[in-house]
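To start, the structure under review is shown below, and the notes come after it.
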Amino acid sequence: QVQLVESGGDLVQAGGSLRLSCAASGSIFSDNAMGWYRQAPGKQRELVATIISGDMTTYKDSVKGRFTMSRDNAKNTVFLQMNSLKPEDTAVYYCRLRQNGADYWGQGTQVTVSS
């Protein structure tokens with residue numbers, strides 16, 4: 001019923017930038033929260049950023065000042081602008097929608113940052 005599709009992952013050199021997109025479709029309620037997570041090989045999945053109604057955002061400490069999450073409600077899309085990328089940012093990045101206590105996940109997009 002709810003589908004999330006991430007895009008924008010790529011191979012980039014350290015110091016470069018990428019913008020990830022997550023397009024949501026289906027039964028999306030106006031009051032929801034969305035988040036970006038990432039999971040590197042051999043590591044646990046971690047929360048990177050969240051955004052709620054009113055465009056209030058929170059960030060993992062290690063990305064604060066480098067990453068920015070935003071919404072385009074007309075397009076049911078959220079973004080993650082990633083600047084000053086570091087090799088440790090390498091991971092599969094996942095989009096999550098949370099509404100009515102239920103979570104929905106995208107399939108992920110690979111971000112690889114070379115030294």
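Atoms considered below: every heavy atom in the structure, side chains included; atoms not considered: hydrogens, waters and symmetry mates. For this chain, numbers begin at 1 and follow the sequence in order.
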Worked verdict on Val48 versus Tyr37 for side-chain contact (heavy atoms from CB on, under 4.5 Å):
CA-CA 5 Å; Val48 176; Tyr37 291 73; 5.5 Å; no
Worked verdict on Cys95 versus Val78 for side-chain contact (heavy atoms from CB on, under 4.5 Å)
CA-CA 9 Å; Cys95 179; Val78 296; 4.1 Å; yes
Candidate pair Glu6 and Tyr93, rule side-chain contact (heavy atoms from CB on, under 4.5 Å), full reasoning:
CA-CA 8 Å; Glu6 304 96 333; Tyr93 283 70; over 6 Å; no
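The CD1 atom of Ile28 sits 10.0 Å away from atom CD of Gln3, with the distance rounded to the nearest 0.5 Å. For the atom pair CG of Leu80 and CZ of Arg38, the computed distance is 9.0 Å after rounding to the nearest 0.5 Å. The structure places CD1 of Ile52 at 7.0 Å from OG1 of Thr50, a figure rounded to the nearest 0.5 Å. With rounding to the nearest 0.5 angstrom, the OG1 atom of Thr109 is 6.0 Å from the CG atom of Leu20. Interatomic distance, CE of Met34 versus CG of Leu4, reported as 5.0 Å (0.5 Å rounding). The OG atom of Ser114 sits 5.0 Å away from atom CG of Leu11, with the distance rounded to the nearest 0.5 Å.
The side chain to side chain contact (heavy atoms under 4.5 Å, CB included) search around Ser17 returns Gln81, Asn83, not counting sequence neighbours. Residues satisfying the side chain to side chain contact (heavy atoms under 4.5 Å, CB included) test with Val12, not counting sequence neighbours, are Leu18, Leu85, Val113. Scored by the side chain to side chain contact (heavy atoms under 4.5 Å, CB included) test, Ser21 finds Ser7, Thr77, Phe79 as partners (sequence neighbours excluded). Scanning for side chain to side chain contact (heavy atoms under 4.5 Å, CB included) contacts around Arg66 gives Val63, Ser84, Lys86, Asp89, with sequence neighbours left out.
Stacking of Arg45 on the aromatic ring of Trp105 is recorded, both the 6.0 Å distance cut-off and the 45° axial limit being met.
Judged by distance alone, the side chain of Gln39 and the main-chain N or O of Lys43 form a donor-acceptor pair under 3.5 Å. A donor-acceptor contact shorter than 3.5 Å links the side chain of Asp72 to the backbone of Ala74.
When hydrophobic side chains of Ile, Leu, Val, Met, Phe, Trp and Tyr are connected at separations under 4.5 Å, Phe29 ends up as a singleton with no cluster partners. Membership of an apolar cluster is not assigned to Val5, as no side-chain contact below 4.5 Å to another ILVMFWY residue is traced.
Tyr59 has its side chain within reach of Met69: a pair of non-hydrogen atoms, C-beta onward, lies under 4.5 Å apart. Counting heavy atoms from C-beta outward, Val2 and Gln99 have side chains that approach closer than 4.5 Å. Using a 4.5 Å heavy-atom cutoff, the side chains of Trp36 and Cys22 are in contact. A heavy-atom distance below 4.5 Å is found between the side chains of Gln110 and Thr90.
The environment of CD in Glu46 is crowded: more than 12 heavy-atom neighbours from other residues, nucleotides or ligands sit within 6.0 Å.
Hydrophobic clustering (side-chain heavy atoms under 4.5 Å, transitive across Ile, Leu, Val, Met, Phe, Trp, Tyr) keeps Ile51 apart from Tyr94.
Summarising the geometry of Asp103 relative to Arg98, their closest heavy-atom pair is OD1-NH1, 2.7 Å, with the distance given to 0.1 Å. Ala91 and Ala40 get closest at one heavy-atom pair: CB-N, 3.8 Å.
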